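Bear in mind that the values here come from a model prediction, so they are computed numbers and not experimental data.
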Amino acid sequence: MPELPEVETVVREILPELSGQFIADIDILWERTFQNKSLETLAGRQIKDVSRQGKYIIIELSSTYLIIHLRMTGQLLFSLDGFDKKHVRMIIQLKNGRKLYFRDVRKFGRIYHVDDPQTVLENTGIDALDEANTEKYFLELVKNRKLNIKAFLLSQKYISGVGNIYADECLFRAGLHPESVTGKIPKKRIKLLYNEIKYVLNFAIDNMGSTISDYRDAFGESGSAQKFFKVYQRAGQACFECGREIRKIKTAGRGTHFCAKCQKKYV
DNA sequence: CCATGTACCTGAAGGC
DNA sequence: TGCCTTCAGGTACATG
């Protein structure tokens with residue numbers, strides 16, 4: 001479920017709440033959620049920082065790390081009045097008495113305990129919104145690749161953070177057909193795509209992410225960026241630009257929404 | 001290198 | 001009502 005804007009929203013919310021606090025204990029309610037690759041204990045450690053790379057949340061502790069991936073239905077939530085504990089897979093208890101709940105209906109999400117973040121992040125590309133993802137860098141990544149552009153965006157090894165919703169929205173705005181061959185797209189249009197990626201992700205962050213069904217922020221609130229989708233989940237409806245019916249196909253194993261008139265296919 | 005299918009899981013929605 | 005299929009903000013892995 002959550003892509004870069006949703007993860008960023010959660011990180012911004014939990015950073016001030018967790019920073020400087022100490023972990024008292026953890027409860028594991030579904031074994032596979034917690035992937036322990038460290039010999040260090042967690043109890044008693046202080047939280048130094050909370051950051052993000054792509055869709056990974058990185059919690060830096062004194063000399064060790066917790067790295068969280070929400071996958072499809074994961075939620076990181078502080079307990080609130082009327083909090084539904086159903087589907088809670090892990091609980092991080094703080095010494096100040098607060099608890100951070102990891103709720104995850106489909107059980108795909110993971111919390112890794114590692115001493116070196118690279119053991120989890122080694123195959124993850126530069127974050128799409130990182131300053132290091134410059135236009136020049138992006139043009140180099142795209143060069144000579146033969147996979148289709150939707151698969152390129154969904155892969156996390158080139159740039160990270162873009163998922164199925166925002167890939168479709170970015171491609172629409174850039175006027176690019178999702179099955180275009182990456183290396184065959186004119187430079188000018190790649191530059192346009194580069195700018196749309198930054199725009200779409202930042203716009204979604206400004207709107208606290210998108211909520212389709214499961215996504216909630218750390219305080220249980222929905223996002224609102226879904227109100228502005230131009231193609232995602234609009235199959236059969238009229239394109240806002242030209243009126244043609246939005247189509248849905250399967251690309252790179254995922255449902256893919258696009259306008260055949262507005263999005264040009266380069267092969 | 002790239003495409004496709006499967007696996008991991010639960011639940012909602014649609015067809016009959 | 002119920003049974004069956006398909007689909008879902010993700011990713012790892014196996015196979016041509």
Side-chain angles (χ1 to χ4, degrees), chain A residues 1-11 29-35 52-57 67-76 84 86-90 102-112 119-125 128 141-171 178-184 197 200-201 203-205 207-217 221-229 231-236 248-257 267:
Chain A
M1 112 226 204
E3 306 180 31
L4 185 153
E6 292 74 35
V7 177
E8 175 66 18
T9 300
V10 171
V11 166
L29 291 86
W30 178 256
E31 292 293 332
R32 299 185 69 168
T33 296
F34 187 56
Q35 303 278 311
R52 179 186 64 72
Q53 185 180 333
K55 302 169 195 171
Y56 288 96
I57 297 166
I67 299 186
I68 302 171
H69 198 302
L70 305 173
R71 292 284 182 98
M72 294 289 262
T73 56
Q75 303 173 335
L76 216 42
D84 181 5
K86 201 176 174 189
H87 305 305
V88 169
R89 311 302 181 195
M90 192 163 148
F102 184 72
R103 190 161 67 185
D104 183 17
V105 170
R106 292 178 69 184
K107 301 176 176 172
F108 292 165
R110 294 290 180 264
I111 298 183
Y112 304 91
T119 59
V120 174
L121 301 173
E122 60 185 347
N123 296 318
T124 303
L141 279 179
V142 160
K143 220 174 180 176
N144 301 326
R145 292 202 190 280
K146 295 197 169 77
L147 80 168
N148 69 51
I149 191 67
K150 172 89 188 243
F152 173 87
L153 292 176
L154 288 180
S155 168
Q156 303 296 297
K157 72 180 181 186
Y158 305 116
I159 56 160
S160 60
V162 177
N164 203 41
I165 291 177
Y166 299 114
D168 284 3
E169 294 297 315
C170 292
L171 289 171
E179 289 175 319
S180 294
V181 175
T182 300
K184 299 265 175 114
I197 291 169
V200 165
L201 296 177
F203 177 87
I205 291 170
N207 286 277
M208 311 290 277
S210 300
T211 293
I212 302 304
S213 58
D214 298 276
Y215 171 72
R216 296 293 182 279
D217 70 11
E221 301 291 330
S222 298
S224 52
Q226 71 282 359
K227 293 174 187 167
F228 304 96
F229 290 167
V231 285
Y232 187 79
Q233 283 194 340
R234 295 200 61 247
K248 184 178 180 186
I249 57 172
K250 199 164 205 173
T251 316
R254 312 296 302 279
T256 298
H257 316 73
V267 289

message: When you measure from the side-chain N and O atoms of H87(A) to the phosphate of dG11(B), is any distance below 4.0 Å, counting only OP1 and OP2?
response: yes

- request: Could you work out the separation of dC9(B) and dC4(C) based on their P atoms and round it to a whole Å?
  value: 22 Å

- request: May I ask which nucleotide in the shown strands pairs with dC9(B), Watson-Crick or G-U wobble, both distances under 3.5 Å?
  value: none

- prompt: What integer distance in Å separates K157(A):NZ from dC13(C):P?
  reply: 13 Å

query: Which nucleotide sits closest to the side chain of H69(A): dT11(C), dG11(B), dC9(B)?
result: dT11(C)

task: Find the distance N144(A):CG to dC1(B):C1' and express it as a whole number of Å.
output: 12 Å

- prompt: In terms of side-chain heavy atoms of E3(A), which of dA12(C), dA3(B), dG10(C) is nearest?
  reply: dG10(C)

H69(A) and Y56(A) aromatic ring geometry - parallel, tilted or perpendicular at 30°/60° bounds: perpendicular

statement: Of the listed dG11(B), dG10(C), dC2(B), the closest approach to the N164(A) side chain comes from dG10(C)

message: How many whole angstroms separate atom OH of Y215(A) from atom P of dG11(B)?
response: 22 Å

- prompt: Y166(A) versus L4(A): any side-chain heavy-atom pair under 4.5 Å?
  reply: no

query: Do the side-chain N or O atoms of R254(A) get closer than 4.0 angstrom to the phosphate oxygens (OP1, OP2) of dG10(C)?
result: yes

message: Could you tell me how far apart D214(A) (CG) and dA12(B) (P) are, to the nearest whole angstrom?
response: 9 Å

message: Please check this pair: side chain of T211(A) against backbone of S213(A), looking for a donor-acceptor N/O pair closer than 3.5 Å.
response: no

- prompt: Over how many whole Å does the gap from Q233(A) atom CD to dA12(B) atom P extend?
  reply: 16 Å

- request: Would you mind classifying the nucleic acid contact of Y232(A) as base, sugar-phosphate or nothing, using non-hydrogen atoms under 4.0 angstrom?
  value: sugar-phosphate

query: How far does the C1' atom of dC8(B) sit from the matching atom of dC3(C), given to the nearest Å?
result: 24 Å

task: Give the nucleotide from the list dG10(C), dC9(B), dA3(B) with an atom nearest to the side chain of K107(A).
output: dC9(B)

message: Could you tell me how far apart E179(A) (CD) and dA3(B) (C1') are, to the nearest whole angstrom?
response: 12 Å

query: Are any of Q156(A)'s side-chain N or O atoms less than 4.0 Å away from OP1 or OP2 of dT11(C)?
result: yes

- line: d(S155(A) OG, N123(A) CG) to nearest 0.5 Å is 9.5 Å

message: Under a 3.5 Å threshold, yes or no: a donor from one side chain and an acceptor from the other, between T73(A) and D104(A)?
response: yes

- prompt: Can you tell which of dG10(C), dC9(B), dG11(B) lies closest to the side chain of V105(A)?
  reply: dG11(B)

- request: Using a 4.0 Å heavy-atom cut-off across all strands, classify G253(A) as base, sugar-phosphate, or nothing.
  value: nothing

- prompt: Given dT10(B), dC7(C), dG10(C), which nucleotide is nearest the side-chain atoms of K248(A)?
  reply: dC7(C)

message: Checking contacts here: which listed nucleotide (dA3(B), dG10(C), dG11(B)) is nearest the side-chain heavy atoms of A151(A)?
response: dA3(B)

- request: Measure the distance between the ring centre of F108(A) and the centre of the six-membered base ring of dT11(C), then answer whether it is under 5.5 Å with planes under 30°.
  value: no

statement: The nucleotide from dG11(B), dC2(B), dA8(C) with an atom nearest the side chain of M72(A) is dA8(C)

query: What is the distance, rounded to the nearest whole Å, between atom CG of L147(A) and atom P of dC2(B)?
result: 5 Å

- request: May I ask you to say what D104(A) touches in the nucleic acid, namely base, sugar-phosphate or nothing, with a heavy-atom cut-off under 4.0 Å?
  value: nothing

query: If only atom types and distance count, is the side chain of T256(A) paired as donor or acceptor with the main-chain N or O of R254(A) below 3.5 Å?
result: yes

- prompt: Is there a donor in the side chain of T251(A) and an acceptor in the side chain of K150(A), or the other way round, less than 3.5 Å apart?
  reply: no

message: Quick check: on DNA chain C, is the nucleotide nearest I212(A) upstream (toward 5') of the one nearest V120(A), or the reverse? Name the residue that is more 5'.
response: I212(A)

query: So, is Y158(A) near the phosphate of dC2(B), with a side-chain N or O under 4.0 Å from OP1 or OP2?
result: yes

query: When the distance from NZ of K250(A) to P of dT4(B) is rounded to whole Å, what number comes out?
result: 11 Å

message: Measuring to OP1 and OP2 of dT11(C), would you say a side-chain N or O of K55(A) lies under 4.0 angstrom away?
response: yes

- prompt: Taking OP1 and OP2 of dC9(B), is either one under 4.0 Å from a side-chain nitrogen or oxygen of R32(A)?
  reply: yes

